Colleague: 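Once you've had a glance at the structure underneath, I'll fire off some questions.
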Amino acid sequence: MKPKSETNKIFTRYDINVEVARQTARKVSEDENLQKVADCIVSGNEDELENLVKSILHIKEPMEIINGGLIAGMKEVSRLWELGVYFLPQVILSSDSMIAGIKLCEQKLGRPMEKKAKVVTHTAEGDIHDIGQVIVNALLNAAGYEVINLGADVPVDDVIEACRIHKPIIVTGTALMTTTMTAFPKIAFGLKQINLNIPFICGGGAVNEEFVTSFDLGIWGKEASQAPALAEDALNGLSWLEMRTKWNG
Amino acid sequence: MKPKSETNKIFTRYDINVEVARQTARKVSEDENLQKVADCIVSGNEDELENLVKSILHIKEPMEIINGGLIAGMKEVSRLWELGVYFLPQVILSSDSMIAGIKLCEQKLGRPMEKKAKVVTHTAEGDIHDIGQVIVNALLNAAGYEVINLGADVPVDDVIEACRIHKPIIVTGTALMTTTMTAFPKIAFGLKQINLNIPFICGGGAVNEEFVTSFDLGIWGKEASQAPALAEDALNGLSWLEMRTKWNG
Amino acid sequence: MKLSNSMAYKSAKEMIFGTALKPVKTKRGLILGGGYVIPEIVPHPRPGSEKTIKSLLREFERANEDALERCVIVGIPAIQIENEHVFQMTDNPQWGMEIAAQTAHQLDEYYEKYGLKCSYRSTIADIRKPDQIDMRNSERTDKIFEAFKYSSKYADIISIESLGGKEIFDYSIIRNDVTGLLFGQAVLGGRDMEWLWTNIVDIAKNNNCIPGGDTSCAHANTAMFMAGGFISKDIPQTLAALSRAISVSNTLVAYECGAVGPGKDCAYENPIIKAITGIPISTEGKASACAHMDLCGNLMAAVCDLWSNEAIQYTDMFGGSSSAVFTEILGYDAAALNSAIELGFQKQFQACLINSDRYRSPHSFILCPDNAWAIGKAVVDNNESLYSRARAAALKSGELMFNDPNLQFTAFEKESLTKYIKELEALPDKEDDFIDMCLKKYSKVKGFKPSSYNL
Amino acid sequence: MKLSNSMAYKSAKEMIFGTALKPVKTKRGLILGGGYVIPEIVPHPRPGSEKTIKSLLREFERANEDALERCVIVGIPAIQIENEHVFQMTDNPQWGMEIAAQTAHQLDEYYEKYGLKCSYRSTIADIRKPDQIDMRNSERTDKIFEAFKYSSKYADIISIESLGGKEIFDYSIIRNDVTGLLFGQAVLGGRDMEWLWTNIVDIAKNNNCIPGGDTSCAHANTAMFMAGGFISKDIPQTLAALSRAISVSNTLVAYECGAVGPGKDCAYENPIIKAITGIPISTEGKASACAHMDLCGNLMAAVCDLWSNEAIQYTDMFGGSSSAVFTEILGYDAAALNSAIELGFQKQFQACLINSDRYRSPHSFILCPDNAWAIGKAVVDNNESLYSRARAAALKSGELMFNDPNLQFTAFEKESLTKYIKELEALPDKEDDFIDMCLKKYSKVKGFKPSSYNL
Ligand code: B12
Ligand code: B12
């Protein structure tokens with residue numbers, strides 16, 4: 001690529017220079033109805049999706065709709081997000097829609113759909129900067145995990161207690177203040193004391209790799225978008241140390 | 001004091017606002033000749049002083065000239081420097097003069113004048129920023145110490161070896177680079193290993209109190225002007241820990 | 001509370017850095033907005049120092065002292081120090097007070113010894129979490145007012161970055177939902193500020209302290225931060241611009257309740273606030289790179305009265321502590337601005353600052369004095385309600401953005417903006433209708449309690 | 001080597017930031033001094049990272065990457081990165097080369113991917129210690145040339161901060177001895193530079209690299225630093241000003257030997273050098289507060305072509321790494337300057353910068369473009385020898401300082417200046433006589449070896 005405005009002396013709009021060719025979602029199903037469901041997910045239109053799912057549920061099995069339409073559509077969304085075509089709100093709206101669709105299917109099924117696994121998320125004690133956590137929640141949700149969302153400003157002991165009760169495959173923490181990030185090593189210590197060697201993914205503007213890898217269990221999470229892949233690793237049985245080696249350093 | 005130029009919007013010359021009333025040196029001796037010697041010290045005029053001392057040595061004892069003229073004059077210089085009247089070069093020139101004067105007296109005495117004690121000074125390995133050390137040397141010299149000046153970029157082992165040989169009451173280090181200050185804890189460790197608990201005064205732009213007090217023997221020196229008082233404490237038998245408590249924290 | 005119905009400035013051309021129509025005089029005689037720009041330095045304590053009041057006092061003592069000393073070293077004629085409460089200082093209001101008292105004492109010393117003109121702003125932390133407590137009725141709410149009472153005994157100026165409507169804002173910003181921004185920021189945030197600032201102004205008056213002002217940091221800065229720079233994919237720049245325009249509706253409330261400025265540095269909506277109210281404002285730009293990025297580092301100085309760095313964590317640099325270093329940087333920035341004033345080149349200088357960032361991003365575009373003034377005008381011309389004026393501000397900024405061919409968009413930004421504007425236009429005209437609609441729409445948002453806002 | 005005998009600029013009025021009479025083009029097409037100001041960021045590795053080549057490579061990789069990325073994030077159109085060798089990089093010339101190669105690769109990537117215009121300056125450390133080795137004949141001398149050879153394979157520009165005459169300078173500066181400054185800086189420093197730069201220019205040419213230039217950092221910046229601010233008692237400001245004026249004589253030598261610029265950022269004498277030679281210069285001011293203070297933070301931008309921060313140690317800040325943060329700050333500074341150029345307000349903008357610091361201190365006073373030009377004129381009009389032109393520069397600056405009633409002095413500064421000028425006037429006219437006198441006078445200075453300078 002060559003610079004667009006060789007003469008621009010004051011600033012350069014690199015975003016325009018490099019705007020990704022706007023790809024669109026690919027087809028995910030030969031079945032017209034399922035493709036419609038997927039389209040609704042891709043456009044993040046929750047109301048339309050609900051109506052659609054309600055009507056299709058008369059002619060299709062709930063699990064078919066979930067797997068062939070809802071989840072298949074969400075996979076396309078994730079792909080567009082990773083390509084840099086989709087922005088965050090588009091992912092969140094799609095995820096909201098998917099959750100609404102799954103709920104309808106579950107009603108028909110008569111039982112909750114099985115989630116991949118439990119994860120616990122929280123924002124550090126004394127810290128109300130929770131947007132990072134909110135994003136992580138949405139992405140993990142969308143990826144099929146049951147998110148135990150402890151919210152913001154969560155006392156150290158509450159995090160440990162939640163892990164004791166739920167035995168999640170990972171626990172995440174967000175801290176944006178250098179005065180609150182100190183909660184993380186305390187949580188890690190508490191978990192180890194009760195023999196819970198759960199990978200503890202720590203993110204947020206205040207923390208960096210050096211800090212997070214200075215205590216056991218800690219794995220540094222740079223971008224919220226990494227959360228699903230991190231959970232996947234834990235699900236596949238990687239230990240916290242293996243995950244740290246893979247993601248950090 | 002009230003601000004001088006209430007309306008100055010761009011900058012304020014605080015130095016002019018607060019310039020210390022220009023005090024002059026006090027009289028130090030009833031003896032006309034000794035007073036003349038002291039005057040030469042105060043004005044830092046080395047050539048004149050040498051001539052003067054040479055001529056007075058015919059009528060006065062060397063030790064009388066040293067104590068009653070040279071050192072007495074230098075005390076006035078130190079006072080003016082502490083008051084903020086004198087600038088550094090004035091102190092250095094006075095100190096040069098005093099040293100020249102003492103040398104003449106020592107020739108007459110036929111033996112070197114007794115120094116208060118030995119001190120070792122150096123600038124850290126890899127570091128050539130030695131102006132801080134040069135100032136420290138001059139001030140310690142002026143205060144009557146025998147300065148073993150190891151110069152700049154001195155290997156760790158050479159500092160330890162010099163201390164082993166000379167057994168100084170203090171050793172000083174200067175480091176202006178964060179990549180060279182790491183030599184200090186090594187030196188401290190080396191000294192302790194051979195049981196030399198010499199107060200190790202570390203200064204220079206790269207180091208701060210926190211760093212220097214993080215290793216045994218270390219005492220942080222903020223200003224070169226503190227060097228004589230620090231040496232005085234060591235001379236009076238204060239341990240490195242007592243000195244640290246007094247000067248740092 | 002009466003909603004503003006006129007502009008303090010007749011046009012943007014009259015607005016300039018260093019001068020505000022309604023200057024503010026602080027305890028030691030320093031005048032803000034009185035003809036020249038004053039640096040405002042904001043040091044932040046290091047992690048760990050918040051553990052005890054003793055270590056926190058020591059930390060602020062050093063950071064503030066370094067700033068004051070650097071003023072004398074390089075000849076900075078005047079300075080304002082801001083200390084933003086960390087959680088512990090508001091949670092233990094006594095801590096905040098002790099730090100304020102210590103700081104006031106430090107300022108007195110420099111004022112006496114060197115004639116350094118200086119003042120102190122204490123910013124209380126809003127420790128209420130909208131989704132977890134009742135905003136008007138909780139232990140934390142009580143502590144905030146206590147903290148205001150205590151700190152205002154010693155500070156020249158008190159401020160806060162209030163959190164009303166944050167629960168709805170957070171929900172909406174990541175869903176591209178401009179309706180939610182209107183509701184969270186203007187309707188809820190504005191109502192919270194009205195309640196809060198009626199009380200704060202009383203407290204300030206009782207303690208001979210200046211009620212400074214508030215900011216929509218919690219909303220519009222979150223949006224700005226998420227929009228980020230030219231390689232971020234969180235939210236579109238155009239949404240951040242709309243969130244900023246909307247924020248005027250709530251931030252203005254503090255002044256409508258009696259705050260007199262200087263506005264908080266992090267309120268990037270301050271140029272619009274100044275256009276409407278004439279109060280002196282603090283702004284931040286390039287030096288606040290130490291805390292976060294924006295795309296308007298020069299522009300933000302165009303009509304500032306105080307020039308700030310957002311917040312710099314205390315640390316050692318080659319040239320001294322970070323507090324000293326940033327004081328020096330801000331001091332020189334202010335000196336150049338004041339130099340322009342003295343030479344009569346302030347308009348040319350201002351033009352250079354504006355031109356640097358005008359077309360750098362949609363968010364910076366709407367904060368240029370001419371656009372800021374126009375948005376302010378839309379606000380005062382539509383003052384039926386907090387909602388109506390916020391909506392008008394958003395629509396106006398959309399119009400401005402679309403109408404200037406020099407402003408470039410990415411395809412996605414432009415698409416999004418078109419959609420936002422359509423959505424805004426379709427909303428009801430009356431606030432009551434809008435509120436009814438939103439109470440329904442957002443009823444499922446976790447932790448949203450209409451009672452927190454007396455709704 | 002021929003000593004300059006004319007001024008490149010007819011008057012100071014023609015001098016402006018962003019444009020040099022003799023612009024320089026770097027490998028990726030970036031033009032320095034070609035019409036706009038370019039930020040030059042200088043990151044410095046953290047302690048410990050110098051232990052192995054691996055950790056040092058990683059450290060520079062991060063610091064440089066953060067700077068480049070920040071350019072893209074905030075839209076900075078062009079950047080120069082300077083890496084100053086730490087001791088280890090010159091002591092092991094291979095290290096310096098590996099880091100240069102890695103950096104060149106990083107720049108290529110950003111140039112390809114985003115069109116970011118960028119260049120790289122590698123500054124070799126002068127590891128010769130005048131009082132301990134023979135300057136022209138030692139293992140360390142060999143290593144320096146090796147380092148130049150290796151690094152110039154990848155860097156766009158090579159520079160050094162040479163140390164000739166430092167032993168005499170250090171002795172003199174703390175003794176108020178202006179004669180020693182003349183001897184150390186001009187006579188010895190100039191001779192060292194002539195020898196050094198004749199070789200460096202050859203090496204650069206062989207490797208298609210630009211011979212950037214040198215600085216009297218070792219002398220005049222030490223003086224400036226010791227004079228300090230308004231509460232320092234090390235040396236008088238007036239002596240720092242004279243040391244600066246004198247430094248022109250030696251720094252100029254690099255260009256007389258074939259260096260073409262850009263001049264090194266830390267050479268505060270660069271405005272004078274630019275007036276004489278027309279080469280592009282890098283300067284530093286307010287943002288270099290991170291490394292050291294000066295009293296001319298705005299002024300130094302008045303005629304700059306690159307705008308630098310001296311050196312910032314790599315560390316984490318709220319807003320990103322220090323390298324990113326200072327890139328952003330410099331980027332905005334440059335944007336404002338370039339904005340002034342684009343609007344045609346460059347002279348007004350320049351006036352504001354100058355007016356900010358003109359009377360802040362004697363040192364800043366003599367660096368204002370008009371005074372800088374006048375000193376340059378004295379230099380070229382007295383070009384019989386390195387000595388005569390340095391003495392003329394010093395006398396000229398004394399004259400300028402005394403003749404402007406707006407420049408204030410403390411009593412001590414004024415007294416000292418009177419004494420220095422008297423001393424300068426009494427010196428011999430011929431360089432040979434001066435050298436004879438000094439060889440005697442400074443024979444006792446520890447480590448001084450006339451042979452190091454072929455004397
Ligand atoms: C918006 C904002 C606010 C909003 C908070 C909104 C909210 N609900 O989160 C409001 C206005 C309320 C606020 C208040 C305050 N704030 Co604030 N705030 C900010 C700001 C500007 C942006 C933060 C943000 O939303 N970032 C966007 C999100 C998406 O980023 P993120 O959380 O870092 O997440 C990214 C990654 O870290 C990662 N990530 C995060 N978590 C996780 C988890 C996992 C598992 C993974 C994989 C990844 C991951 O993913 C994201 C990217 O994809 C920052 C500036 C900055 N430089 O950060 C200051 C900042 C964080 N705030 C600061 C301060 C001081 C405060 C106050 C104390 C001010 C005051 N006195 O009132 C109060 C805090 C009170 C309290 N007790 O908490 C300081 C913190 C200083 C410090 N380091 O200690 C900062 C740095 C600004 C500054 N002044 O310099 N603030
Ligand atoms: C002048 C200077 C030089 C001169 C050195 C002159 C000399 N002989 O000392 C020259 C030009 C040669 C030079 C070279 C370099 N320099 Co240099 N230099 C400086 C500068 C501008 C001023 C230093 C100075 O003289 N200060 C004045 C003296 C009086 O201060 P001081 O030593 O700190 O002493 C005071 C106190 O600390 C105390 N003190 C000191 N020692 C002691 C001891 C005791 C017992 C006590 C009580 C008190 C005490 O007393 C004094 C006050 O009263 C600094 C800037 C800065 N911020 O420090 C950079 C600086 C130190 N240099 C720097 C660098 C990087 C270099 C080079 C590597 C650059 C290069 N690539 O060429 C080379 C170094 C090569 C090497 N191997 O050493 C960096 C160091 C970065 C770091 N922290 O690692 C600095 C910080 C500048 C920057 N870029 O940011 N430099």
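Lettering follows sequence order; numbering is per chain, from 1. Since we're looking at a predicted model, the values are computed, not measured.
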Colleague: What residues of residues 125-133 of chain A sit under 4.5 Å from chain C when only non-hydrogen atoms are counted?
Modeller: A/Gly126, A/Ile128, A/Asp130, A/Ile131
Colleague: Please walk me through it: do A/Thr121 and A/Asn137 pass side-chain hydrogen bond (donor to acceptor under 3.5 Å, both in side chains)?
Modeller: CA-CA 7 Å; A/Thr121 71; A/Asn137 288 343; 2.7 Å; yes
Colleague: Side chains of C/Asp357 and C/Ser364: do they bring a donor and an acceptor to under 3.5 Å?
Modeller: no
Colleague: Under a 4.5 Å cutoff for heavy-atom pairs, which residue among A/Thr182, A/Thr180, A/Asp153 has the most contacts with chain C?
Modeller: A/Asp153
Colleague: Which bit of C/Ser49 is near chain A, if near means a heavy-atom gap under 4.5 Å: side chain, backbone, both or neither?
Modeller: neither
Colleague: Between A/Asn149, A/Val91, A/Asp96, which shows the greatest number of heavy-atom pairs under 4.5 Å with chain C?
Modeller: A/Asp96
Colleague: Is there a donor-acceptor contact under 3.5 Å linking the side chains of A/Tyr145 and A/Glu232?
Modeller: yes
Colleague: Is it the case that over 12 heavy atoms from other parts of the model lie below 6.0 angstrom from the CD atom of A/Glu161?
Modeller: yes
Colleague: Can you tell me how far the OG atom of A/Ser94 sits from the CE atom of A/Met98, to the nearest 0.5 Å?
Modeller: 9.5 Å
Colleague: Taking every heavy-atom pair that is under 4.5 Å apart, which of C/Asp234, C/Leu239, C/Asn176 has the most such pairs with chain A?
Modeller: C/Asp234
Colleague: Report which part of C/Thr222 has an atom under 4.5 Å of a heavy atom belonging to chain A: side chain, backbone, both, or neither.
Modeller: side chain
Colleague: Heavy-atom cut-off 4.5 Å, strictly under: side chain, backbone, both or neither for C/Asp126 against chain A?
Modeller: backbone
Colleague: Which atoms of C/Tyr359 are under 4.5 Å from chain A, going by heavy atoms: the side chain, the backbone, both sets, or neither?
Modeller: both
Colleague: In terms of heavy-atom proximity below 4.5 Å to chain A, should C/Asn355 be classed as side chain, backbone, both, or neither?
Modeller: both
Colleague: Report which part of C/Phe230 has an atom under 4.5 Å of a heavy atom belonging to chain A: side chain, backbone, both, or neither.
Modeller: both
Colleague: Counting only heavy atoms not in C/Lys422, do more than 12 fall under 6.0 Å of its NZ?
Modeller: no
Colleague: Is it the case that C/Asp177 and C/Tyr442 place a side-chain donor and acceptor less than 3.5 Å from each other?
Modeller: yes
Colleague: Side chain, backbone, both or neither: which part of C/Ile231 has a heavy atom under 4.5 Å from chain A?
Modeller: neither
Colleague: So does C/Gly285 get a backbone contact from the side chain of C/Ser288, meaning a donor-acceptor N/O pair under 3.5 Å?
Modeller: yes
Colleague: When only pairs under 4.5 Å are counted, which of C/Arg140, C/Lys166, C/Lys51 shares the most heavy-atom pairs with chain A?
Modeller: C/Arg140
Colleague: Considering only heavy atoms, which portion of C/Lys446 lies under 4.5 Å from any heavy atom of chain A: side chain, backbone, both, or neither?
Modeller: side chain
Colleague: Tell me, for C/Gln237 versus chain A, whether the close heavy atoms (under 4.5 Å) come from the side chain, the backbone, both or neither.
Modeller: neither
Colleague: C/Leu295 versus chain A, heavy atoms under 4.5 Å apart: side chain, backbone, both or neither?
Modeller: neither
Colleague: Verify whether one side chain among A/Ser95 and A/Asn141 offers a donor that lies under 3.5 Å from an acceptor in the other.
Modeller: no
Colleague: Taking side chain as C-beta onward, heavy atoms only, is A/Phe215 less than 4.5 Å from A/Phe189?
Modeller: no
Colleague: Looking only at side-chain N and O atoms, does C/Thr179 offer a donor or acceptor that is under 3.5 Å from a partner on C/Glu423?
Modeller: yes
Colleague: Determine whether more than 12 heavy atoms belonging to other residues, nucleotides or ligands lie under 6.0 Å from atom NZ of A/Lys115.
Modeller: yes
Colleague: Please name the residue in the list C/His44, C/Lys54, C/Arg46 that meets the side chain to side chain donor-acceptor pair (under 3.5 Å) test with C/Glu59.
Modeller: C/Arg46
